[in-house]
There are 2 protein chains.
Amino acid sequence: MEAKNKLRMTKQRQVILEELRKVKTHPTADDMYQMLRKKMPKISLGTVYRNLEILSESGIIQKLDVGGTQKRFDGDITIHSHVRCVDCGRVGDIDVTPKYNLEEEAQKMTDFMIFRHRLEFTGLCPICQHKKKATA
Amino acid sequence: MEAKNKLRMTKQRQVILEELRKVKTHPTADDMYQMLRKKMPKISLGTVYRNLEILSESGIIQKLDVGGTQKRFDGDITIHSHVRCVDCGRVGDIDVTPKYNLEEEAQKMTDFMIFRHRLEFTGLCPICQHKKKATA
DNA sequence: CTATGTGATAGAAATAATTACTAATTACAT
DNA sequence: ATGTAATTAGTAATTATTTCTATCACATAG
């Protein structure tokens with residue numbers, strides 16, 4: 001009788017979730033689409049977008065906005081930060097948990113009501129470091 | 001004799017820079033366009049985009065990517081963080097300087113070469129707080 | 001088992017933000 | 001004053017994402 005969580009676990013949704021959890025690369029929606037069509041050639045890009053959106057709204061996965069033009073997705077929902085390679089856009093995980101409450105600090109400085117923070121790094125991934133060295 | 005910084009100070013560029021430095025609202029490119037056409041009706045949206053890009057690449061202004069679909073710009077290039085209102089998208093400044101070197105901490109956890117960090121908050125701006133209260 | 005309602009899908013079209021193109025104009029060094 | 005490369009306005013193109021629509025899948029009621 002109450003508002004239920006009507007989430008059908010369709011084949012597409014299941015494969016999307018499985019695939020995202022399998023990789024550690026923080027793929028874009030289109031990356032996912034390219035990966036998925038190998039196992040499910042008729043899957044639609046719209047379906048990939050819609051399901052990544054639904055899954056992240058349900059808190060089952062994470063939608064990332066780490067700069068660059070495309071959103072990325074992460075099957076790991078534990079609290080962690082990210083680094084983005086300024087050259088190739090590749091995104092890696094970083095476990096830096098600030099040792100004090102950033103939200104509390106921030107709240108003292110503003111009349112916004114602070115909910116949460118997001119800490120992100122920029123840098124150069126191992127592959128692009130290597131390329132730079134080769135060119136130099 | 002050396003590679004010079006060929007930055008012509010055109011009327012448009014100057015007005016764009018002046019206007020951005022005048023406001024504290026972290027406008028989008030289109031916000032800027034709307035503001036600017038009042039003083040310079042024939043300015044083109046493309047010109048606004050290009051100049052904001054050039055100015056931020058030169059380090060004269062800052063390009064922000066605080067989530068949402070549009071990039072925002074900030075005439076204040078001193079180191080500070082931002083809050084984004086989850087309801088209306090408005091962006092505010094926050095002066096929280098972490099009390100230890102986040103980059104150094106992060107570098108221990110990854111094989112990326114860390115350059116810098118970005119700390120951002122999400123919350124509710126004063127205006128939307130008020131609206132929420134009124135509706136409740 | 002068959003009907004029915006509701007959510008989900010594929011594929012295509014639409015939208016939003018940004019970037020690229022082009023011919024005309026302008027800033028600035030000489 | 002003049003040559004020239006940078007910049008402009010206006011428009012077209014591109015990119016990422018969302019919406020639309022007809023069809024399909026699945027749970028439940030009869």
Side-chain angles (χ1 to χ4, degrees), chain A residues 1-20 26-58 60-61 63-73 84 88-89 91, chain B residues 1-20 26-58 60-61 63-73 84 88-89 91:
Chain A
M1 276 303 124
E2 52 188 296
K4 285 285 288 280
N5 197 355
K6 301 221 175 183
L7 250 208
R8 263 191 212 164
M9 189 45 71
T10 62
K11 209 146 207 173
Q12 288 85 341
R13 190 163 294 163
Q14 193 173 317
V15 173
I16 289 170
L17 185 54
E18 266 173 22
E19 193 69 16
L20 181 59
H26 314 82
T28 64
D30 195 68
D31 289 341
M32 287 293 290
Y33 178 54
Q34 301 305 336
M35 286 152 54
L36 292 161
R37 36 195 332 200
K38 286 171 191 161
K39 353 188 108 168
M40 193 180 266
K42 296 206 69 66
I43 199 169
S44 153
L45 180 57
T47 299
V48 176
Y49 268 104
R50 185 163 25 72
N51 279 300
L52 289 171
E53 185 62 35
I54 289 171
L55 289 169
S56 66
E57 269 181 7
S58 310
I60 297 168
I61 66 171
K63 194 201 251 193
L64 307 181
D65 189 0
V66 287
T69 54
Q70 288 158 286
K71 299 276 194 300
R72 288 170 178 273
F73 297 87
R84 176 187 161 79
C88 71
V91 172
Chain B
M1 279 296 127
E2 51 190 296
K4 284 289 284 285
N5 197 356
K6 300 223 175 181
L7 252 206
R8 266 194 210 164
M9 192 45 70
T10 61
K11 209 146 206 172
Q12 290 84 340
R13 189 163 294 162
Q14 193 173 318
V15 173
I16 289 169
L17 184 55
E18 266 173 23
E19 192 70 14
L20 181 60
H26 312 85
T28 63
D30 195 68
D31 290 341
M32 286 294 290
Y33 179 54
Q34 300 306 336
M35 287 152 53
L36 292 161
R37 38 198 328 202
K38 286 171 189 159
K39 352 189 108 165
M40 194 181 267
K42 296 206 69 65
I43 199 169
S44 154
L45 179 56
T47 298
V48 176
Y49 268 105
R50 186 165 23 72
N51 278 300
L52 289 171
E53 184 61 35
I54 289 171
L55 290 169
S56 66
E57 269 181 9
S58 309
I60 298 167
I61 66 171
K63 192 202 251 192
L64 307 180
D65 189 2
V66 287
T69 54
Q70 288 158 285
K71 300 278 193 301
R72 289 171 176 273
F73 297 86
R84 178 188 160 77
C88 71
V91 172

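A straight line from CG of A/N51 to P of D/dT18 spans 13 Å, rounded to a whole angstrom. Atom CZ in B/R37 sits roughly 12 Å away from atom P in D/dA9 (whole-Å rounding). Atom-to-atom, CZ of A/R13 to P of C/dA10 comes out at 11 Å; the value is rounded to the nearest Å. Taking atom NZ of A/K42 as the reference point, atom P of C/dA10 lies 9 Å away to the nearest angstrom. Atom CG of B/L36 is separated from atom P of D/dA9 by 10 Å (rounded to the nearest Å). Rounded to whole angstrom, the span from the CG atom of A/D65 across to the C1' atom of D/dA16 amounts to 12 Å. Between A/I16 atom CD1 and C/dT9 atom P there is a gap of 7 Å when expressed in whole angstrom units. Whole-Å rounding puts the B/L55 CG to D/dA6 C1' distance at 14 Å.
Under the 3.5 Å distance criterion, the side-chain polar atoms of B/S58 are left unmatched by any main-chain donor or acceptor of B/I60. Checking side-chain atoms of A/R84 against main-chain N and O of A/G67 turns up a donor-acceptor pair under 3.5 Å.
Contact check for B/M35 versus B/M32: side-chain heavy atoms found under the 4.5 Å cut-off. When side chains are defined from C-beta on, A/Q12 does not count as touching A/L36, because their heavy atoms never get closer than 4.5 Å. Between A/R13 and A/I54 there is a side-chain heavy-atom pair separated by less than 4.5 Å.
A salt bridge links A/K63 to A/E53: at least one charged side-chain nitrogen sits closer than 4.0 Å to a carboxylate oxygen.
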Worksheet, complete the sentence: Nucleotide by nucleotide, nucleotides 18-30 of chain C touches protein heavy atoms under 4.0 Å in the pattern (B base, S sugar-phosphate only, - none) BB------BBS--
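Put simply, A/Q12 has no side-chain N or O that comes within less than 4.0 Å of OP1 or OP2 on D/dA25. Distances shorter than 4.0 Å separate some side-chain N or O of A/T47 from OP1 or OP2 on C/dA10.
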